[in-house]
Amino acid sequence: MLVFTRRRGEAIVIGDGIEIHVLRIGRDGVRIGVAAPDNVPVHRQEIYEQICAANRAAATSDAADAERRAALEAQLIARLK
Amino acid sequence: MTPRSLTAAAAMNETGERPDSERAMVTFPQGLPGFADCRTFVVFAAETGEFQWLTSLEGPAASFLTVDPRRVVPALRYALAPADLVRLRATEDTPLLWLAIVLVEADGTIAVNLRAPIVINPETMIGCQVMPQRSLYPVRHVISAPAV
């Protein structure tokens, strides 16, 4: 991992068009501004990882199996009233 | 592909067969979180017609059972960030298809991910899973406790 020391108002540039600015430094946290192109999603790491985990948990690898699909759908219908 | 053919794909024919022309292909330029290699998916209606399957055509075999999030919480309100609209090549007026991923847990609990819905622009057939910075809705919205 690259490690930089940056002061308030300073920034880091990543590749073409991604900038990370140090906006404010507090006792317990640092306020950071990120500028990135629209095709580069930017997320808080803990939220991103939570969504990754939720997606992995929800993915089925046997959906090609019509019976398995039907079983999952039936469960859902039963619960959706 | 047009919105109309997506609607066609979402409707089931009587024989239960789906001609290739009715399988709607959607591109996810950023992949799905946790499935970065999965960029091309087909969307097809569940046998019941109320739900959609999202099945990856590349990368690891991955299918997701999804439901219109407003079917779960009718008063649901989402606001897309301008960057999301750019990614979908959509405008504020583009009618978009919203899908929430269903999670069937080992004990039979069924939950729906309302925090990060999948949004598809039927005009460009581009999709992405949106994660608003702030959201009122949870990743695991339980719609049913385990069957007793």
Side-chain angles (χ1 to χ4, degrees), chain A residues 1 11-24 26 28-81, chain B residues 16 29-36 38 44 46-51 53-56 60-67 71-72 81-87 100-106 108-113 115-116 118 128-135 138-140 142-145 147:
Chain A
M1 185 188 289
I12 292 168
V13 178
I14 300 174
D16 195 10
I18 300 176
E19 295 179 13
I20 298 177
H21 293 261
V22 177
L23 301 179
R24 196 172 66 225
D28 298 320
V30 179
R31 191 148 178 90
I32 289 173
V34 180
D38 287 325
N39 62 349
V40 178
V42 178
H43 306 291
R44 291 177 176 83
Q45 185 183 35
E46 63 276 17
I47 294 174
Y48 185 76
E49 288 179 350
Q50 192 186 12
I51 304 300
C52 286
N55 283 350
R56 288 196 198 97
T60 15
S61 55
D62 55 358
D65 177 347
E67 279 183 26
R68 172 79 181 131
R69 279 208 311 267
L72 277 173
E73 291 164 19
Q75 282 189 63
L76 186 54
I77 293 163
R79 309 299 168 77
L80 272 178
K81 287 161 271 188
Chain B
Q30 285 89 33
L32 280 191
F35 294 87
C38 299
F44 60 93
E47 265 73 359
T48 54
E50 286 219 51
F51 317 113
W53 282 97
L54 192 65
T55 295
S56 172
S63 291
F64 302 90
L65 180 57
T66 66
V67 62
R71 176 86 174 74
V72 178
D84 290 323
L85 289 173
V86 171
R87 262 173 234 148
I101 295 178
V102 176
L103 173 63
V104 181
E105 296 176 352
T109 303
I110 299 179
V112 177
N113 180 351
R115 176 71 178 81
I118 285 168
C128 68
Q129 188 169 17
V130 298
M131 280 176 259
Q133 291 288 339
R134 288 178 192 78
S135 176
V139 172
R140 185 174 173 275
V142 174
I143 57 173
S144 104

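Values below: every heavy atom of this structure, side chains too, minus hydrogens, waters and symmetry copies. Labels below follow one simple rule: chain letters A, B, ... track the order of the sequence lines, proteins then strands, and each chain is numbered from 1.
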Per-residue contact mode, B/Val104 against chain A (heavy atom under 4.5 angstrom):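 Side chain only.
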Is it the backbone or the side chain of B/Gln133 that comes under 4.5 Å from a heavy atom of chain A, or both, or neither?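 Both backbone and side chain.
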Geometric class of the B/Phe64/B/Phe35 ring pair [parallel <30°, tilted 30-60°, perpendicular >60°]: perpendicular
Just by modelled atom types, is the B/Ser63 backbone N or O under 3.5 Å from a matching donor or acceptor in the A/Thr60 side chain?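 It does hold such a pair.
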Is it the case that the side chain of B/Asn113 and the backbone of B/Ile101 share a donor-acceptor pair, with hydrogens and angles ignored and the cut-off at 3.5 Å? no
Min side-chain heavy-atom separation B/Arg115-A/Gln50 under 4.5 Å: no
Find the one option among A/Ala53, A/Pro37, A/Cys52 whose heavy-atom pairs under 4.5 Å with chain B are most numerous.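 Result: the option with the highest number of such pairs is A/Cys52.
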